[in-house]
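Notes for the one structure printed next.
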Amino acid sequence: MGVEEGVYKAKTGLPLWMLGLGADLLWADMNRLLGFLFHQGVLDEQFLQLQQLQDDTSPNFVSEVVNIYFHESEKLLRNLRALLMEREFSDYKKMGSHLNQFMGSSSSIGAKRVRNVCVAFRAATEHNNRAGCLRALEMLEHEYCYLKNKLHELFQIEQQRALAAGVRYPAPVQN
Amino acid sequence: MAPAAPDFPVGLRVLVVDDDATTLKIIEQMSLRCRYRVTTCTEATVALNLLRERKGCFDVVLSDVHMPDMDGYKLLEHVGLEMDLPVIMMSADSTTSAVMKGIRHGACDYLIKPIREEELRNIWQHVVRKIWNENKEHDHSGSMEDSDRNKRGNDDAEYTSSVADVAEVVKPPKKRSSLKEEDIELESDDPTTSKKPRVVWSVELHQQFVSAVNQLGLDKAVPKRILELMNVPGLTRENVASHLQKFRLYLKRLSGVAQQQNGMLNAVPGTIESKLGATGRFDIQALAAAGHVPPETLAALHAELLGLPATNIMSPLDQTTLLQASIQGLKHSHAEHTVAYGQPLVKCASNIGKNFPPSILTVNGTSSGYGGWPSPNNTIGSVRPNNSVERVGIQNNNMLMDILEHQQRQLPHQKQQQQMQQHQQKQLQHLPRQSLINDQSCSINVQPSCLVVPSQSTDTFLAVNSPASVNQDCSFGRNAIIDYSLLPQKSNNSFCASQFPGGDTKARGVIYRYTTSSNCLTGSSNGNQLQNSTLTFGAARPLPSLLPMSGRQDPYGFKLGDSLDQACVKNLGFVGKGTCIPSRYMENEIESSVSEFSQMKVNVDSTGDTLKGEPNFINIPKVSHPIIERYPSRGHSSIFTE
């Protein structure tokens, strides 16, 4: 990298940020954050699949999908909470089907921890375990918020990177 | 002959149904990456309407299981009944029961979320399989037609369009007309269009229905009586009546298939022969000819069972022919089972009622040998050896049975096996005359044994050996596959089991276990292999095949009647541990065993060398060996020259 910088500098005489070097730093930031999320088990390799699906024909694919996911998930979370708060008799079956969907979408974007909580939640609904459901719901909301924050962070960095690179959302290249 | 346009899966028309927008979006993108033409839909009812309105506009349906407006299983049933498209279920729910339910309802595959691009890339196989099946159902002449169709596929700029064509052509008119009724009926079933309580014909319910029909006899089964027998509250006579109607149609279709198979057998041999000359090719044709298919739902099930194995099989095979024939290769697996359940049964009924009982395998073999099938059939080398073996099995059933039982108990012990072998050899010697017919074909099959067992002496045999060995070298897995597929075409000569040292045996082992009864022949060599099969067994899902199929197989049951029953009884004795399978179920088991077989094959491929070294495999060759010697040699040469 250092060598290349030198070469570019020598050749063009342009400031670094114009050469996309700032983007490199942001790229590193992104990777660090991703690595962190992977390490924590927040994300899994399915998220990488998602990134690989992003290409020139759909430069915003990942963020589009994730935004859909956020939208749907919030709806589901609202529904789940409403169902659980419904007097004493909650419709566990319906909760189960919500959770199935939540599991499906979470696993599709690689939100591993959210998915795991969903599994636990669903198990609780299967046993009509109200207390367990409530606990699971709280965990789920917590996990979801965490994921959302982190992914927002990630997208912000990526956006900056794209700007810095002077390229409009290039496909993240795994070097 | 390339099976399809080089870019075949491109343009595959996929309908994706999922209430989850996230998943839908991802799958859409993945499909685009695969260059499929994808349509997405968030509601099952909308999807169903779409499918109805635009019949023939989709090749495959990918459906979520849990959807608020309509259960994915329900959608699956509708699609299966109305348009007979391959449906792939997907869900985050990976519990066995959920997957099982999907299989029962006729899903040809069950993908667990998250769906990966690789999985999506591979779904075209279900389309091809389905079309093959339908084609088989429709045309009698097998290979020729198929190759025709393939050519068309090549010529067409877009394979998909040709796919559609084929589908159009293939659909029997009678089905069309029956479709209308079903449409109406289903429409009223549809929760959105009607308020009246609908009857969901769950698998369990259907099972009850089928058993009631069986109890009454198909001819005497009237809705009222069935209703009484079923004794299900809330079920009305009308419900039963309409279901009975569907069921009859279904049976009719089935029986049509069976007959066609019969016809096919006669028609095929010639082509196969010629193909044999070029060893590489012949699998393809076998496929073409063989690929007859059972009822669609069954097909779906098979596909499900076979899906994995099939791919596995293919991957190890690098040979060019195989590559070209990849699609066909997939089909192979189909052919295998088809053969297993379809043809043998039919033939049995006509030719050899008594022989059948010992085992399915035997049946196959017998039909060729006893039935006095034209020698051309025999020409296929691979098949032969088996036949002889099988025959032996039949003749010696009683003796073998005892032995087998022994073996089952003490599989690990080689002594037993040796005893077995000795027995078998003796028995085999009795057989020679019968086997004479077979001789011609021996060559290919024999080879494996030859390789293993140096001692064999026959002159002709030696000559044969070299070619045979070549074949084997080419690809272990493939040969095995080929054999199976050949069977059907040839007239079901034999299960072909013995040829491949590793693969076949294993296959038998599996079968053996499932059916338990059947394979006398196998039994001898199997002992050791059984262990292998056991492993696989675990992996395989025995249940699904049993449950779902029962209804469907009845047609066969009717036809076969007594002979099958006898078979069952005998089998039971053999099996002991096995699931005793009523004759009806035999088909299923075979299928499952086939699938396992393919899985096993993978093992074989990887471990091939080591395995050969083991005593088990050696045994096999010996078994086949005696048989070989008996055969006149002339057959080989003729085969190859051709």
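Computed from a predicted model, the values in this text were never measured in an experiment. Atom set for the values below is all heavy atoms of this structure, side chains included, hydrogens, waters and symmetry mates excluded. To find a chain, count down the sequence lines: A is the first, B the second, and so on, and within it residues start at 1.
No other option in A:Arg122, A:Arg115, A:Lys94, A:Gln101 has as many heavy-atom pairs under 4.5 Å with chain B as A:Gln101. Comparing A:Asp44, A:Val65, A:Leu53 by heavy-atom pairs within less than 4.5 Å of chain B, the highest count is held by A:Leu53.
The number of heavy atoms from other shown groups lying within 6.0 Å of CZ (B:Arg121) is above 12.
The distance from atom CG of A:Asn100 to atom NE2 of A:His98, rounded to the nearest 0.5 Å, is 11.0 Å. In this structure, CG on B:Leu15 lies 11.5 Å from CD1 on B:Ile88, to the nearest 0.5 angstrom.
Using a 4.5 Å cut-off between heavy atoms, A:Leu76 makes no contact with chain B at all. Contacts between A:Phe61 and chain B at a heavy-atom distance below 4.5 Å involve the side chain alone, from C-beta outward.
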- [ ] Walk me through it: do B:Lys74 and B:Glu77 pass the test salt bridge (charged side-chain N to carboxylate O under 4.0 Å, His left out)?
- [x] CA-CA 5 Å; B:Lys74 192 72 196 164; B:Glu77 277 176 13; 3.7 Å; yes

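Heavy-atom proximity under 4.5 angstrom to chain A picks out B:Lys113, B:Pro114, B:Ile115, B:Arg116, B:Glu117, B:Glu118 from residues 113-120 of chain B.
The pair A:Glu153-A:Lys150 counts as a salt bridge, with a side-chain nitrogen and a carboxylate oxygen less than 4.0 angstrom apart. By the 4.0 Å N-to-carboxylate-O rule, B:Asp84 lies close enough to B:Lys130 to be salt-bridged with it.
In this structure, the side chains of B:Leu75 and B:Val17 come closer than 4.5 Å at one or more pairs of heavy atoms.
Every pair passing side-chain hydrogen bond (donor to acceptor under 3.5 Å, both in side chains) that includes a residue from residues 27-36 of chain B is listed here, sequence neighbours excluded: A:Asp55-B:Arg33, A:Ser58-B:Gln29.
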